[in-house]
Amino acid sequence: MIRNNWTIEEVHDLYNTPLLELIYNAATVHRQYNDTAEVQVCTLLSIKTGGCSEDCAYCPQAARYNTDVNVKALMQTGEVIDYAKKARDAGSTRFCMGAAWREVRDNRDFDRVIEMVKEVNKLGMEVCCTLGMLTETQAKKLADAGLYAYNHNLDTSSEYYNEVITTRTYDDRLQTLDNVRKAGVTVCCGGIIGLGETHDDRIKMLHTLATLPEHPDSVPINALVRIKGTPLENNPKVDIWDMVRMIATARLLMPATMVRLSAGRTEMSVSEQAMCFMAGANSIFAGEKLLTTPNPSFEEDNKMFDLLGLKPRVAFKDEKELVH
Ligand code: SAM
Ligand code: DTB
Ligand code: SF4
């Protein structure tokens, strides 16, 4: 049963279940709702890099921190399409374009993004964007161009949010998610662990996600990638068991959602990633780079898929199932 009336106590109890029991329960629910052999493969591309006005303490692209990221203007549509084709040929079915913007503005850059969305859509891939805050009208324009998903993360609990980002509010984030939903675009929304938050903050974030009017269609769980020059550069490395616990709890709360094992895979062994799939993760970002940081190569991931008996999920699967 899909529920969005979870109480915070219920989420707390699930999260605190003894680890192996939690993994077993999550694996059981995963099996009931999804094809566990199937993993959605998404490729990210940073179409506009760096120079962002926001102060997100984890982010290599915030202008105010002195990181190794060089500012780059919005890419040309042709270059983006070439990259998308390569990703498709390597087995990706979802292509996500990211921009280091606080919000979308109605200007020529936005017109170009609209053009990119149309072109990627024509390649038969699920098109996703992550461009910062959006109005409902902007979301509708993207939807009309064929946008399939929009990524906009809550990142952490509402209580801890101000410790990480001060240049926008949690409510701003929720408003954008609402605008995306109203435009009929699927919602991709998750968070990061390793920001210095407590277990309670993680529980609260999962509770917020699982009690949205509709569950996000995908929930990325990122392990903080520690970036030199950002305020969080010296945070301790995320413990794999914390990642597994987050994924398993997300799976139990949102059984039919794609739970994405997102940033942080370069620091995880294949066995550790296998444990995440066992606990209910059924999506990854593939390709040498996330937005600005390294990620395992297609070859490494293909090897892992072969070893674990996983196969990439086809594009637009839910829609295809509705048709038949
Ligand atoms: N600027 C837009 C925004 O903030 O929504 C879109 C791009 S932003 C880089 C997308 C997401 O990447 C963030 O919400 C955050 O969850 C994730 N992210 C950024 N830097 C990260 C890091 N160092 N480690 C893990 N996740 C990170
Ligand atoms: C998400 O939750 N994780 C991705 C995607 N959505 C946009 C981004 C991770 C970024 C990691 C740091 C970087 O590569 O710049
Ligand atoms: Fe800008 Fe997004 Fe990075 Fe925040 S996470 S600094 S909004 S690019």
Side-chain angles (χ1 to χ4, degrees), residues 40 42-65 67-72 74 94-105 113 128-134 149-156 161 164-170 172-177 179-180 187-197 205 209 216 218-235 237-238 243 246-247 250 258-268 281 283-296:
Q40 180 192 51
C42 319
T43 293
L44 276 170
L45 176 65
S46 181
I47 56 170
K48 194 271 154 197
T49 306
C52 184
S53 60
E54 299 287 86
D55 69 351
C56 312
Y58 47 76
C59 188
Q61 305 199 67
R64 65 191 74 202
Y65 312 131
T67 68
D68 292 338
V69 168
N70 295 321
V71 180
K72 284 197 215 109
L74 184 65
R94 180 176 283 204
F95 189 65
C96 179
M97 298 180 275
W101 287 333
R102 174 175 203 272
E103 78 255 304
V104 168
R105 306 224 171 117
V113 173
C128 174
C129 280
T130 180
L131 313 168
M133 293 186 269
L134 275 187
Y150 196 78
N151 167 250
H152 200 65
N153 291 338
L154 289 177
D155 285 340
T156 188
Y161 200 75
V164 184
I165 302 145
T166 67
T167 47
R168 55 166 191 255
T169 65
Y170 213 65
D172 290 335
R173 284 314 254 192
L174 292 167
Q175 184 59 55
T176 293
L177 294 173
N179 295 341
V180 170
V187 169
C188 171
C189 179
I192 310 178
I193 62 171
L195 301 170
E197 75 286 347
M205 181 184 80
L209 291 170
S218 60
V219 170
I221 307 288
N222 296 278
L224 174 73
V225 181
R226 295 164 297 167
I227 310 285
K228 199 163 147 273
T230 62
L232 304 185
E233 67 172 312
N234 295 319
N235 277 21
K237 177 176 182 270
V238 168
M243 198 69 185
M246 275 305 277
I247 289 171
M258 315 278 322
V259 177
R260 187 168 310 125
L261 168 58
S262 303
R265 288 198 302 120
T266 50
E267 293 202 71
M268 291 176 202
S283 174
I284 56 164
F285 286 121
E288 304 268 321
K289 248 191 195 178
L290 290 165
L291 289 170
T292 65
T293 62
N295 194 45

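One-based numbering, in listed order, for ligands and for the atoms of each.
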Select one of side chain, backbone, both or neither to describe which atoms of C96 lie under 4.0 Å from any atom of ligand 2, heavy atoms only.
-> neither
Sub-4.0 Å heavy-atom contact, G190 with ligand 2 = no
Start with the C-alpha gap between D155 and Y170, add the side-chain angles, then the distance that decides, and say whether side chain to side chain contact (heavy atoms under 4.5 Å, CB included) holds.
-> CA-CA 9 Å; D155 285 340; Y170 213 65; over 6 Å; no
Below 4.0 Å from any atom of ligand 1, is there a heavy atom belonging to G191?
-> no
Take every heavy atom of A99, measure it against each atom of ligand 1, and state whether any distance is under 4.0 Å.
-> yes
What atoms of ligand 2 come closer than 4.0 angstrom to any heavy atom of P220?
-> 2 (O)
Exercise: identify the closest heavy-atom pair between L291 and S46 | O-CB, 3.6 Å
Pull out every atom of ligand 2 sitting under 4.0 Å from any heavy atom of T292, numbered as shown with elements.
-> 13 (C), 14 (O), 15 (O)
Could you check which of N222, T130, N153 puts a non-hydrogen atom nearest to atom 7 (C) of ligand 1?
-> T130
Give the minimum heavy-atom separation between Y150 and T176, together with the two atoms involved.
-> CE2-CG2, 4.3 Å
OH (Y161) and CG (L154) are apart, to the nearest 0.5 Å, by 7.5 Å
Polar proximity ligand 2 side, N153 side, N/O cut 3.5 Å exclusive | yes
What protein heavy atom sits nearest atom 6 (N) of ligand 2, and how far away is it?
-> N151 OD1, 3.3 Å
Evaluate the side-chain proximity of C189 to N151: yes if any heavy-atom separation is below 4.5 Å, no if none is.
-> no
Counting from 1, what ligand 2 atoms have a heavy atom of P60 closer than 4.0 Å?
-> 15 (O)
Verify side chain to side chain contact (heavy atoms under 4.5 Å, CB included) between M258 and R94, making sure each step is shown before the conclusion.
-> CA-CA 13 Å; M258 315 278 322; R94 180 176 283 204; 5.8 Å; no
Number the atoms of ligand 3 from 1 as they appear, then name those within less than 4.0 Å of a heavy atom of A100, with their elements.
-> 8 (S)
Give the minimum heavy-atom separation between N222 and M243, together with the two atoms involved.
-> C-CE, 4.1 Å
Going by heavy atoms in the side chains, are Y65 and D55 under 4.5 Å from each other?
-> yes
Among protein heavy atoms, which sits nearest to atom 10 (C) of ligand 2, and what does the distance come to when rounded to 0.1 Å?
-> L291 CD1, 4.2 Å
Smallest heavy-atom separation, L177 atom then H152 atom, equals CD2-O, 3.5 Å
Could you walk me through whether S53 and T167 pass the side chain to side chain contact (heavy atoms under 4.5 Å, CB included) test, one step at a time?
-> CA-CA 8 Å; S53 60; T167 47; over 6 Å; no
Got a sec: is C59 within less than 2.8 Å of atom 4 (Fe) of ligand 3 via an N/O/S atom?
-> no
Specify the protein heavy atom at minimum distance from atom 9 (C) of ligand 2: its residue, its atom name, and the distance to 0.1 Å.
-> N222 OD1, 4.0 Å
For ligand 2, which atoms sit closer than 4.0 Å to a heavy atom of T130?
-> 7 (C)
Minimum-distance protein heavy atom relative to atom 12 (C) of ligand 2 | T293 OG1, 3.6 Å
Using distance alone, decide if ligand 1 has a nitrogen or oxygen within less than 3.5 Å of any nitrogen or oxygen in Q61.
-> no
At a 4.0 Å threshold, what atoms of ligand 1 neighbour a non-hydrogen atom of L291?
-> 9 (C)
Would R168 and C56 count as a side chain to side chain contact (heavy atoms under 4.5 Å, CB included) if you check the C-alpha gap in whole Å, the side-chain angles of each, and the deciding distance to 0.1 Å?
-> CA-CA 9 Å; R168 55 166 191 255; C56 312; 3.5 Å; yes
Where ligand 1 meets W101 - atom numbers and elements under 4.0 angstrom, heavy-atom basis = 1 (N), 2 (C)
Can you find a pair of side-chain heavy atoms, one from R260 and one from C42, that are under 4.5 Å apart?
-> yes
Using a heavy-atom cut-off of under 4.0 Å, does the side chain or the backbone of R168 touch ligand 3, or both, or neither?
-> side chain
Below 4.5 Å, heavy atoms only, C-beta onward: do W101 and V113 meet side chain to side chain?
-> yes
Say you draw a straight line from CD1 of I47 to SG of C96; how long is it, rounded to the nearest 0.5 Å?
-> 9.0 Å
Value rounded to 0.5 Å, distance of OG1 in T43 from CD in E288 = 11.0 Å
Atom of K48, atom of K72 and distance for their closest heavy-atom approach = CE-O, 3.8 Å
Atom 18 (N) of ligand 1 sits nearest the protein heavy atom Y58 CE1, 3.9 Å
Heavy-atom check, side chain of T49 versus side chain of V71, under 4.5 Å | no
Contact check, Y58 vs ligand 2, heavy-atom distance below 4.0 Å = no
Does atom 2 (Fe) of ligand 3 have a protein non-hydrogen atom under 4.0 Å from it?
-> no
Looking only at protein heavy atoms, what sits closest to atom 4 (Fe) of ligand 3 is C56 SG, 2.3 Å
Numbered in order shown, the ligand 3 atoms found under 4.0 Å of a heavy atom of Y58 are 5 (S)
Check ligand 1 against V225 and write out every atom of the ligand that is under 4.0 Å from a heavy-atom position of the residue.
-> 22 (C), 23 (N), 24 (N), 25 (C)
If you look at every heavy atom in P220 and N153, which pair is closest and at what distance?
-> CG-OD1, 3.5 Å
Which distance, rounded to the nearest 0.5 Å, do you find between the SG of C59 and the CD of Q61?
-> 5.0 Å
Note the single closest protein heavy atom to atom 5 (C) of ligand 2, along with its residue, its atom name and the distance in Å.
-> F285 CZ, 3.7 Å
Select the closest option to atom 4 (O) of ligand 1 among E233, R173, R102, judged by heavy-atom distance.
-> R173
Is there at least one pair of N or O atoms, one from L224 and one from ligand 1, spaced under 3.5 Å apart?
-> no
Which residue and heavy atom of the protein sit nearest atom 16 (O) of ligand 1, plus the separation = D155 OD1, 2.7 Å
Quick note on ligand 3: atoms under 4.0 Å from a heavy atom of E54 include exactly 1 (Fe), 4 (Fe), 6 (S), 7 (S)
Ranking G132, A223, A100, C129 by closest non-hydrogen atom to atom 2 (C) of ligand 1, top hit is G132
Which protein non-hydrogen atom lies closest to atom 26 (N) of ligand 1, naming both residue and atom, and how far is it?
-> I192 CD1, 3.6 Å
